[in-house]
Amino acid sequence: TWLVTVVHHETIDWVRHREGRHRVRMPSGLSPLQNQIFKYVFDERRSHVEAYELIRQHGTGDFGFSDFLREVAETYHVVEHALGKAATHYLPGPPVLTEGTGATVEDEIIAAERAGQLNAALQVLPPDERLAIQLFIVDDVGADRVARIVGWPNAKAVYNRVYRALQVLRKELERAGVDRTDQ
């Protein structure tokens, strides 16, 4: 078992070294603002709030945060349409637009910061556990199917590893200053 694990990890390291990290290429058809959003969010992996502040600092446009979030959502839509959903799988995802809910700009900024903190906490986990959480918790895929997709032995392994991964996420979020009572 030990030797199999060592060989498995060495093979993964070799493939990563040979092929490098997969980068998303900028699709055609983006506006100048969407090009900047792509640069900051997709290439530099910055949060939506950071991208908003950087674009505003460079004086590219005078627009509100809600307008910016609509542009971010449209950028995600164009990228997913051109390159497929797999291109945005490990990114924080498009913002949830809150039309008519009475959310203020401050609420939207806080929600975007929380999404960034959650994404940072998720980066602590190995890729297979992030995928398992996405499938099992978010997408509501059955544990047997998740085990087959991720390559784990059975559904019990999914329950155990996802439970442990969620504990790690809670600790990381607490370390980042996110309290369980925060919405």
If you round to the nearest 0.5 Å, how far is [atom2] of [Y] from [atom1] of [X]?
| X | Y | atom1 | atom2 | answer |
| --- | --- | --- | --- | --- |
| L169 | R130 | CG | CZ | 10.5 Å |
| N154 | D144 | CG | CG | 8.5 Å |
| H8 | T11 | NE2 | OG1 | 8.0 Å |
| L122 | Q134 | CG | CD | 9.0 Å |
| E71 | I55 | CD | CD1 | 9.5 Å |
| I133 | R161 | CD1 | CZ | 10.5 Å |

### Query
Which pair of heavy atoms, one from L173 and one from A121, lies closest together, and at what distance?
CD2-CB, 3.9 Å
### Query
Can you name the closest pair of heavy atoms from A143 and A155 and give their distance?
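In terms of heavy atoms, the two residues are closest at CB-CB, 3.7 Å.
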### I12 reachable from L131 in the ILVMFWY side-chain graph, under 4.5 Å edges
no
### V124-V150 co-clustered via ILVMFWY side chain contacts under 4.5 Å
yes
### Message
Run the side-chain hydrogen bond (donor to acceptor under 3.5 Å, both in side chains) test against R164 and tell me which residues pass, sequence neighbours left out.
### Response
none
### Task
Run the salt-bridge test on R175 and E172 with the 4.0 Å N-O cut-off and return the result as yes or no.
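Yes, charged N to carboxylate O under 4.0 Å.
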### Query
Should I137 and L166 count as side-chain neighbours, where that means a heavy-atom distance under 4.5 Å?
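Answer yes - side chains close enough.
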### Task
State, yes or no, whether a side-chain contact exists between V41 and T75 at a heavy-atom distance under 4.5 Å.
no
### Message
What verdict does the side chain to side chain contact (heavy atoms under 4.5 Å, CB included) test give for I37 and E74, after you've listed the backbone C-alpha separation in whole Å, the side-chain angles of each residue and the deciding distance to 0.1 Å?
### Response
CA-CA 10 Å; I37 291 170; E74 181 60 28; over 6 Å; no
### Query
Can you pull the ring pair (Phe, Tyr, Trp, His ring centres under 6.0 Å) pairs that have at least one residue in residues 107-160, sequence neighbours excluded?
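Residue pairs with at least one partner in residues 107-160: F136-Y159.
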### Message
Quick check against the 3.5 Å criterion: does Q34 have a side-chain atom that pairs as donor or acceptor with the backbone of S31?
### Response
yes
